[in-house]
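What follows is one structure encoded as structure tokens, with my remarks underneath.
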Amino acid sequence: MNSYIYDLLQKALSGLDISEPPEIQLESPKVAEHGDISTNIAMLLAKPLRQNPRAIAQQLLDTMPLDPQVLEAIEIAGPGFINFRFAKEYVYQQLRAIIEEGSDFGKTASRKGQRIQIEFVSANPTGPLTVGHGRNAVLGDTIARLLEWTGASVDREYYFNDAGRQMRVLGQSVQARYQQLLGQSIELPEGGYEGAYIIDIAQGIVDQYGKEWEEKDWEAFKKVAQEAIFADISQTLERMNIHMDSFFNEFDLYENGDIEKVLAALKEKGLVYEADGATWFKTTEFGKEKDTVLVKSTGEPTYRLPDIAYHANKLDRGYDECVDVFGADHIATYPDVLSALQALGYDEQRIRVIVYQFVTLVKDGQPFKMSTRKANFVTLDELMDEVGSDVTRFFFLMRSSNTHLEFDIGQAKEAGEKNPVFYLQYAHARIHSILRKAEEEYGAAPESPTLEQLKPLVHPSELTLMKTLFKLPKAIAGAADANEPHRLINYLNDVATDFTSFYHDCRIMGVEQECAQARVLLARQTARVLSNGLGILGIHAPEQM
RNA sequence: GCGCCCAUAGCUCAACUGGAUAGAGCAAUUGCCUUCUAAGCAAUAGGUUUCAGGUUCGAGUCCUGAUGGGCGUACCA
């Protein structure tokens, strides 16, 4: 439809006395009285033509033919907007298109053939996933789904480091707990992990090996702890319906020589120098105030070096786009990574970074800081025990990622029933309830109706609902392009709201057969749009509640 | 100090590339369950979009400055 109107305007513009007409912009107005599609072209022309925008709009309108099968009306409104109103026939045809596409309705092909990698979660295995990780996990997974619906093939990857200082402390913490369980009076190491899960892991070792592990070093304990924690993380992700395609261990970058290669290449470019026993990266050449350390004087690389090598590795794997999802605390690292990649000759435009702001936990009306080490966190599992995975996913997705998300635990627990996700699920369940009844009463509605069979749909609520339903592909593509899943939620809310108006204005039971069947078809497609949309969000669309 | 993000109804947040009358959900007040699921609907109230300038036909959105908050600015990850 957009291209149809675009052509119409293009032709009308060619009749005007202007050499370089401005670009035609089409938008869908917020208010129904302003039609279904509108353009501001006359206002843009006002200046070069030195004429009143409404007069220009009139000139354009006079030369535009009106095909009653497509457009019901073209109107001039306000300061000079030109508004287009769809004809009913066109609306019916669109409804038939939804019916034909079925579970694929909403898919577009804008990224067909593209291979995209998205890296997310990427929590080191030092403890269970917390509410903070939840935002990352759900955001990453949903963006992946959105990209798939625009035709891309998407790989989900989890990047982790099991070799650092954190992991040593983890091993030592488990070891200390193990010794405590055997009755020795041993303190947790300085800065050790205090969570109860450490004791559980230690208890597991006691149960299995008794005193046999007294002579083992912390690395053995680390290995057991890591496996247990990873198993726990995988299970949590599974519960949220998240499936990783690959896990990438930072250690591999050392083994396969990528770290060395990157360092050597940067040296060759003259971007690396030695000072105070450390190896520095000249980030000042890229506009930063200070240079950055790549290798500490101890000989250990900082995290930046493997980060650079990892991203080079990803691009080498031939992805058209690599998406990173991370929290605001990592915001300082990626400009360095991009600078390095650029220097190494990579197209850093292929890296896309999604930064989300922190989740502020509010408990008993007070905000508090979370720390895995201090064990004052709320795990994702605990949250899902309380409210389930649907509400959990929805909660993280309903807000734009660059605003701080306030998470009131008490409210989330008790508000389960009032949570907006139920509004969508309820609408879906309600439709199915009607469909079941209608089928008993009227028999099955036609699978692929003719235009004639849809003609009883004339009520404003019906037309509004139909027009909203067609926007699903646009809503998905828009959310995917902006990496903003909450836009899809906003859209689905519109669908549910429009359905509810329809539900109140247009009864299905008790009207004559033809009208009832047409309404059944519309209701069924509404359920389709809701379930396709909820599916992308990873949320169930129940047929009964 | 410097860099990034943010500031919209009492609270939590929307508002597609600058568009027409700034919208939802909680909370408040009122009305609606012999009729397809009341986890719902209808209505009322709530706003100088933090402040001061600027750009233009038009600004919550763009620019400059101020104020207030979050994060970063480590040879921690």
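Below, read A as the first sequence line, B as the second, and so on, with proteins coming before strands; counting in each chain starts at 1.
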Is there a side-chain contact between A:Tyr423 and the phosphate of B:C41, meaning an N or O under 4.0 Å from OP1 or OP2? yes

Does A:Glu441 reach a base, just sugar-phosphate, or nothing at all? Heavy atoms under 4.0 Å. nothing

Pair A:Tyr356 + A:Phe326: ring centers closer than 6.0 Å: no

Residue closer to the 5' end of RNA chain B, A:Glu543 versus A:His34 (nearest nucleotide): A:His34

C1'-based separation of B:G3 from B:A15 [nearest Å]: 29 Å

Under 4.0 angstrom between A:Arg436 side-chain N/O and B:U37 OP1 or OP2: no

Taking for A:Arg507 and for A:Arg430 the nucleotide of RNA chain B with the nearest heavy atom, the one nearer the 5' end belongs to A:Arg507

Any side-chain to backbone donor/acceptor pair from A:Asp324 onto A:Val353? Under 3.5 Å, distance only. no

Candidate nucleotides B:U37, B:G40, B:C57, ranked by approach to the side chain of A:Met545 - the nearest: B:U37

Apply salt bridge (Lys or Arg N to Asp or Glu O under 4.0 Å) to A:Arg430 and list each qualifying residue two or more places apart in sequence or on a separate chain. none

Roughly how many Å is it from CD1 in A:Ile82 to P in B:C57, rounded to a whole number? 18 Å

Looking only at B:U37, B:C36, B:C4, the nucleotide nearest the A:Ile508 side chain is B:C36

Kindly label the base of B:C33 as syn or anti, based on whether its glycosidic torsion lies within 90° of 0. syn

Using a cut-off of less than 4.0 Å, is there contact between a side-chain N or O of A:Tyr303 and OP1 or OP2 of B:A77? no

Given B:C41, B:C57, B:C36, the nucleotide with the shortest approach to the side chain of A:Thr500: B:C41

A:Lys47 NZ to B:U55 P, in whole Å, measures 12 Å

Which heavy atom of A:Lys467 sits nearest to which heavy atom of A:Lys471, and what is that distance? O-CG, 3.6 Å

Nearest-Å distance once atom P is located in both B:A14 and B:G54: 30 Å

Mind checking who B:U44 pairs with, Watson-Crick or G-U wobble, both distances under 3.5 Å? B:A28

Evaluate the side chain to side chain contact (heavy atoms under 4.5 Å, CB included) criterion for residues A:Leu472 and A:Leu488: first the C-alpha distance (whole Å), next the side-chain angles of each, then the deciding distance (0.1 Å), finally the verdict. CA-CA 8 Å; A:Leu472 178 67; A:Leu488 181 56; 4.2 Å; yes

Can you tell me, in whole Å, how much space there is between the C1' of B:A74 and that of B:U61? 37 Å

Measure the distance from CG on A:Leu492 to P on B:A24 and round it to the nearest whole Å. 17 Å

Under 3.5 Å, is there any donor-acceptor pair linking the side chain of A:Asn40 to the base of B:G19? yes

Hey, do the aromatic rings of A:Tyr159 and A:Tyr310 have their centres closer than 6.0 Å? yes

Using a 4.0 Å heavy-atom cut-off, write out nucleotides 10-17 of chain B from 5' to 3' as B (base contacted by protein), S (sugar-phosphate only) or - (no contact). --BSSSBB

Please answer whether the main-chain N or O of A:His540 pairs with a side-chain N or O of A:Gln425 as donor and acceptor at a distance below 3.5 Å. yes

Mind listing the closest non-hydrogen atom pair of A:Ala163 and A:Asn161 along with its distance? N-OD1, 2.8 Å

Rounded P spacing from B:U21 to B:U35 in Å: 43 Å

B:U34 -> Watson-Crick or G-U wobble partner, both distances under 3.5 Å, gives none

In whole Å, I'd like the distance from the CD1 atom of A:Ile431 to the P atom of B:G40. 15 Å

Counterpart base for B:U67, defined by Watson-Crick or G-U wobble contacts under 3.5 Å: B:A7

Just checking A:Ala46: base, sugar-phosphate only, or nothing, at a heavy-atom cut-off of under 4.0 Å? nothing

Quick one: is A:Lys290 getting a side-chain N or O under 4.0 Å of the B:A74 phosphate, OP1 or OP2? yes

If we take the C1' atom in both B:A7 and B:U12, what is their distance in whole Å? 14 Å

Between B:G10 and B:C6 - P atom distance, rounded Å: 23 Å

Just call it for A:Ser297: base, sugar-phosphate, or nothing, with non-hydrogen atoms closer than 4.0 Å on any strand. base

Which nucleotide in B:G70, B:U56, B:C4 has an atom nearest any side-chain atom of A:Ile331: B:C4

What does A:Asn493 touch in the nucleic acid at a heavy-atom separation under 4.0 angstrom: a base, only the sugar-phosphate, or nothing? nothing

B:C62: pairing nucleotide in any strand, Watson-Crick or G-U under 3.5 angstrom: B:G54

Answer with yes or no whether A:Thr497 presents, from its side chain, a donor or acceptor under 3.5 Å of a partner atom in the base of B:A24. no

Taking the C1' atom of each, how far is B:C16 from B:C11, in whole Å? 27 Å

A:Phe502: ring pair (Phe, Tyr, Trp, His ring centres under 6.0 Å) partners, not counting sequence neighbours: A:Phe499

Which is true for A:Asn83 with a 4.0 Å heavy-atom rule: it touches a base, it touches only sugar-phosphate, or it touches nothing? base

For B:A38, does either OP1 or OP2 sit under 4.0 Å from a side-chain N or O belonging to A:Tyr503? yes

Looking only at the side chain of A:Ile434 (C-beta and beyond, no hydrogens), which of the listed nucleotides B:A74, B:C36, B:G40 gets closest? B:C36

When rounded to the nearest Å, what value does the distance between C1' atoms of B:G60 and B:U17 take? 16 Å

Can you identify which nucleotide, out of B:U37, B:A77, B:C4, has its nearest atom closest to the A:Lys437 side chain? B:U37

According to the Watson-Crick and G-U wobble definitions, with both distances under 3.5 Å, which nucleotide is paired to B:G23? B:C13

Using atom CZ of A:Arg50 as one end and atom C1' of B:C57 as the other, report the distance to the nearest whole Å. 14 Å

Between A:His34 (side chain only) and A:Pro29 (backbone N and O only), is there a donor and an acceptor less than 3.5 Å apart? no

Exam field: side chain A:Lys222 to backbone A:Asp162, donor-acceptor pair closer than 3.5 Å: yes

